[in-house]
2 protein chains.
Amino acid sequence: MKPETRKDEIIKTAAKLFKEKGYSAVTMRDLATAMGMKAASLYNHISSKQEILKEIIISLAEEFTQSMEVINSSNASSLDKLSQIIALHVKITTNNTSGMASLNNDWMHLEDQLAYYLKLRNNYETIFLNIIEEGISASEIKNLNPETIMFSMLSTLRSLYLWIPKKEALNANDLANSLSNILIQGINK
Amino acid sequence: MKPETRKDEIIKTAAKLFKEKGYSAVTMRDLATAMGMKAASLYNHISSKQEILKEIIISLAEEFTQSMEVINSSNASSLDKLSQIIALHVKITTNNTSGMASLNNDWMHLEDQLAYYLKLRNNYETIFLNIIEEGISASEIKNLNPETIMFSMLSTLRSLYLWIPKKEALNANDLANSLSNILIQGINK
DNA sequence: GTCTATAACACGATAGAC
DNA sequence: GTCTATCGTGTTATAGAC
């Protein structure tokens with residue numbers, strides 16, 4: 001394990017603050033106070049506020065894209081792949097709740113990396129949609145609008161960061177299983 | 001129909017901008033430019049930036065709470081009530097997509113009205129949860145964790161503002177029906 | 001009702017001492 | 001590596017002319 005650098009600490013603290021108020025509403029003075037230092041001292045570790053946002057978002061987006069490609073390239077059934085995607089979101093969100101808030105809510109404040117982020121997100125959603133469409137073709141999944149299905153699933157998965165912190169009791173496996181059940185089987189008895 | 005005042009126009013334009021960048025990142029100069037005037041002129045119609053946010057969010061939150069109480073006080077089945085809640089979200093979001101973005105993402109920037117907003121939201125979620133619990137007791141709904149069910153449904157409903165603008169083709173009724181189907185019946189064939 | 005001008009302050013970031 | 005001091009700019013909001 002590599003030890004956590006001061007830069008990592010700053011990024012982690014920043015993500016927590018961004019989660020509460022959003023990137024734009026958090027000042028470098030806020031961040032410095034939370035770190036127990038003065039704002040000017042932050043710049044010995046990071047080059048700009050923008051760099052912090054980039055570090056938080058791009059690493060997560062790359063992790064999602066990479067894992068999605070692994071899941072998709074297996075020969076599991078479409079429903080299995082969807083369950084794996086659900087487990088992926090639960091795992092990443094459990095490990096980095098604050099970062100997921102920034103990924104969801106502050107991506108539009110990326111400057112240099114905005115186009116790259118959008119490319120990754122688009123790629124992710126394209127694969128997701130393909131999996132659903134293949135499931136429909138294979139008669140595993142109901143013949144409903146694939147985009148509506150994806151929207152519904154992704155909405156829930158992208159909101160996990162709001163909810164996981166309130167439910168520490170549940171472990172990641174149980175949660176992934178419950179969600180697979182609800183999202184795939186429905187709630188009607 | 002009451003004619004749209006200049007103040008209404010400003011609030012509507014502000015909501016659009018808040019949707020794109022968030023409350024904190026939108027300046028009064030941005031808003032003025034979008035309105036075709038200078039920032040100082042805005043203050044002839046509104047008293048502060050904060051007032052604009054309050055108008056957007058509180059009116060929507062009150063509309064949700066009021067409608068939720070009507071739905072809950074009927075003697076419909078729990079599943080029927082859930083379908084009505086879904087239709088409610090689709091209707092309100094269709095009529096005010098931008099406002100829904102602020103309701104979801106900028107409520108924490110409310111100042112004087114924050115406690116009131118939280119009270120309304122809490123009340124809404126309590127009723128929602130009761131309906132699900134009653135449905136489980138009545139064996140209409142699967143015996144899964146009620147909070148997980150609510151979380152999953154609410155995540156989708158609260159994300160509608162992101163998705164409805166891209167799908168103008170679908171009308172509100174069709175969308176509400178599709179979503180009821182997916183969220184209640186599941187996607188497994 | 002819109003404008004120009006500006007007050008009063010907060011912002012991100014840098015310079016240079018220690 | 002952290003500090004104090006500060007630069008240059010952007011921020012909400014007001015004053016007062018038209």
Side-chain angles (χ1 to χ4, degrees), chain A residues 2-58 98 101-102 105-114 117, chain B residues 2-58 98 102 105-114:
Chain A
K2 71 175 174 197
E4 182 158 276
T5 66
R6 204 95 173 101
K7 180 172 174 175
D8 291 335
E9 269 188 89
I10 290 172
I11 290 170
K12 212 163 149 181
T13 304
K16 261 183 224 168
L17 297 180
F18 293 168
K19 184 189 175 195
E20 302 303 322
K21 306 201 296 174
Y23 175 76
S24 303
V26 175
T27 70
M28 296 302 274
R29 288 168 176 84
D30 291 337
L31 177 54
T33 301
M35 286 292 297
M37 55 171 65
K38 296 291 174 180
S41 306
L42 293 169
Y43 290 88
N44 271 296
H45 308 281
I46 50 98
S47 67
S48 66
K49 188 185 177 188
Q50 177 66 202
E51 188 203 357
I52 299 175
L53 185 67
K54 185 202 79 186
E55 297 274 0
I56 295 170
I57 292 181
I58 297 298
S98 305
S102 300
N105 302 324
D106 287 321
W107 58 266
M108 72 286 280
H109 299 118
L110 285 172
E111 291 164 13
D112 294 351
Q113 314 284 332
L114 178 58
Y117 162 79
Chain B
K2 70 174 175 198
E4 183 158 274
T5 66
R6 204 98 172 99
K7 180 173 175 177
D8 291 335
E9 270 189 88
I10 290 172
I11 291 170
K12 211 164 150 181
T13 304
K16 261 184 222 165
L17 297 180
F18 293 168
K19 184 189 175 194
E20 302 305 321
K21 306 200 297 176
Y23 174 76
S24 302
V26 174
T27 70
M28 295 304 272
R29 289 190 239 275
D30 292 336
L31 177 53
T33 301
M35 286 291 297
M37 55 171 66
K38 297 290 174 180
S41 307
L42 293 169
Y43 291 88
N44 271 294
H45 307 282
I46 50 98
S47 66
S48 67
K49 188 184 178 188
Q50 176 66 202
E51 188 203 357
I52 298 175
L53 186 66
K54 184 202 79 187
E55 296 273 1
I56 294 170
I57 292 182
I58 296 299
S98 306
S102 300
N105 302 324
D106 287 321
W107 57 266
M108 72 285 281
H109 299 118
L110 284 171
E111 292 165 12
D112 294 350
Q113 314 283 331
L114 178 58

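Below, chains carry the letters A, B, ... as their sequence lines are ordered, and counting in each starts from 1. Just so it is clear, the model here is predicted, and its values are computed rather than measured.
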Can you tell me if A/Ser41 touches the phosphate of D/dG1, counting only side-chain N or O atoms and a distance under 4.0 Å to OP1 or OP2? no

What's the CE-C1' distance between B/Met35 and C/dG1, to the nearest Å? 12 Å

5′-ward residue of the pair B/Arg6/A/Asp30 relative to DNA chain C: B/Arg6

B/Lys38 NZ to D/dT14 P, in whole Å, measures 19 Å

Between C1' on D/dT11 and OH on B/Tyr23, what's the gap in Å once rounded to a whole number? 12 Å

Close side-chain approach of A/Leu31 to A/Ile52, heavy-atom, < 4.5 Å: yes

Taking CE from A/Met37 and P from D/dC3, how many angstroms apart are they, rounded to a whole number? 7 Å

Is a side-chain donor or acceptor of B/Gln50 paired with a backbone partner of B/Glu111 at a separation under 3.5 angstrom? yes

Interatomic distance, A/Leu17 CG vs C/dG12 C1' [rounded to whole Å]: 16 Å

Qualifying ring pair (Phe, Tyr, Trp, His ring centres under 6.0 Å) pairs, either residue in residues 5-36 of chain A, two or more places apart: A/Phe18-A/Tyr23, A/Tyr23-A/His109

Less than 4.5 Å apart, any side-chain heavy atom of B/Gln113 and any of B/Ile57? no

Quick test: give all pairs of protein nitrogen or oxygen and nucleotides 13-16 of chain C nitrogen or oxygen below 3.5 Å, distance rounded to 0.1 Å.
residue	atom	partner	partner atom	Å
C/dA13	OP2	A/Tyr43	OH	2.8
C/dA13	OP2	A/Lys49	N	2.9
C/dA13	O5'	A/Tyr43	OH	3.4

Nearest-Å distance for atom pair CG/P, residues A/Leu42 and C/dC11: 14 Å

Side-chain donor-acceptor pair present, B/Asp8, B/Thr5, cut-off under 3.5 Å: yes

Round to a whole Å and report the spacing from CG of B/Leu31 to C1' of D/dG10. 16 Å

A/Asp112 backbone acceptor or donor facing A/Lys54 side chain under 3.5 Å: no

